[in-house]
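Just below is one structure, and these are the notes that go with it.
Keep in mind that the numbers below use all heavy atoms, side chains included, and drop hydrogens, waters and symmetry copies. Atoms within a ligand are numbered from 1 in the order they appear, just like the ligands themselves. If you're wondering where the values come from, they're calculated on a predicted model, not measured in any experiment.
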Amino acid sequence: MPKVYITRREVFSAAHRLFNPDWNDEKNEDVFGKCNNYYGHGHNYTLEVVVTGEPNPETGYLLDLKILKKIIRENVISKIDHKHLNFDVEFLKGKNPTAENIAIGIWNELKGKIPSGKLYSVKIYETENNYAEYKGE
Ligand code: NI
C-alpha cells in the first residue's frame, strides 16, 4: 500500500530565555550568549507537523488537513502562542526552551491525538535557517 506524508504548518510567537539554573551567570552567558538575556527575547516560530499513513480509499485523504489543523491549534498553539515559554507553558515546565525541547514537548502533546495515520515528525523553526526536528525516538 502506498505510504504518504502530509504536513500542516502553523506559526506562533513566543518569548524565552535559555539558561541552566545549575550554572552561574558567567557560564550561562558563555554557552547561551544573547539567548541568555535575563528578561527573555522573542521569536516568530514556525511549526510543521507531519503525519504518515495510507490514503483512505473512499476519501483519498490520509487525514483531512482541516482536522489536523484543529488538533494542532487546540493542543499546541492555544498553549504557546504569545506566551513566555519559561513560565507559561505546562508542557515545557522545568525544561530549557530550546527548539529541541519545544519539538519534543509538542510531539508529546500531539501523541495519541491523531485520528488516522500516525505522527511522523514535529519540526520547530526558530529562525528561517535554524530548526529542530523530533520523530519520537
Ligand atoms: Ni531565542
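- A salt bridge is defined here as a Lys NZ or Arg NE, NH1 or NH2 lying under 4.0 Å from an Asp or Glu carboxylate O, and Arg8 with Glu10 meets this definition.
- Excluding water, every protein N/O/S atom under 2.8 Å from the Ni ion (ligand 1) is given here by residue and atom: His16 NE2, His41 NE2, His43 NE2.
- You'll find the ring centres of His84 and His16 outside the 6.0 Å limit.
- Side-chain atoms of Thr7 and Glu48 include no donor-acceptor pair closer than 3.5 Å.
- Side-chain atoms of His43 do not come within 3.5 Å of backbone N or O of Tyr45 as any donor-acceptor pair.
- Leu68 is listed as a side-chain neighbour of Ile114, based on a closest heavy-atom distance under 4.5 Å.
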For this session: Start with the C-alpha gap between Phe19 and Phe32, add the side-chain angles, then the distance that decides, and say whether ring pair (Phe, Tyr, Trp, His ring centres under 6.0 Å) holds.
Result: CA-CA 7 Å; Phe19 77 108; Phe32 298 117; 8.1 Å; no
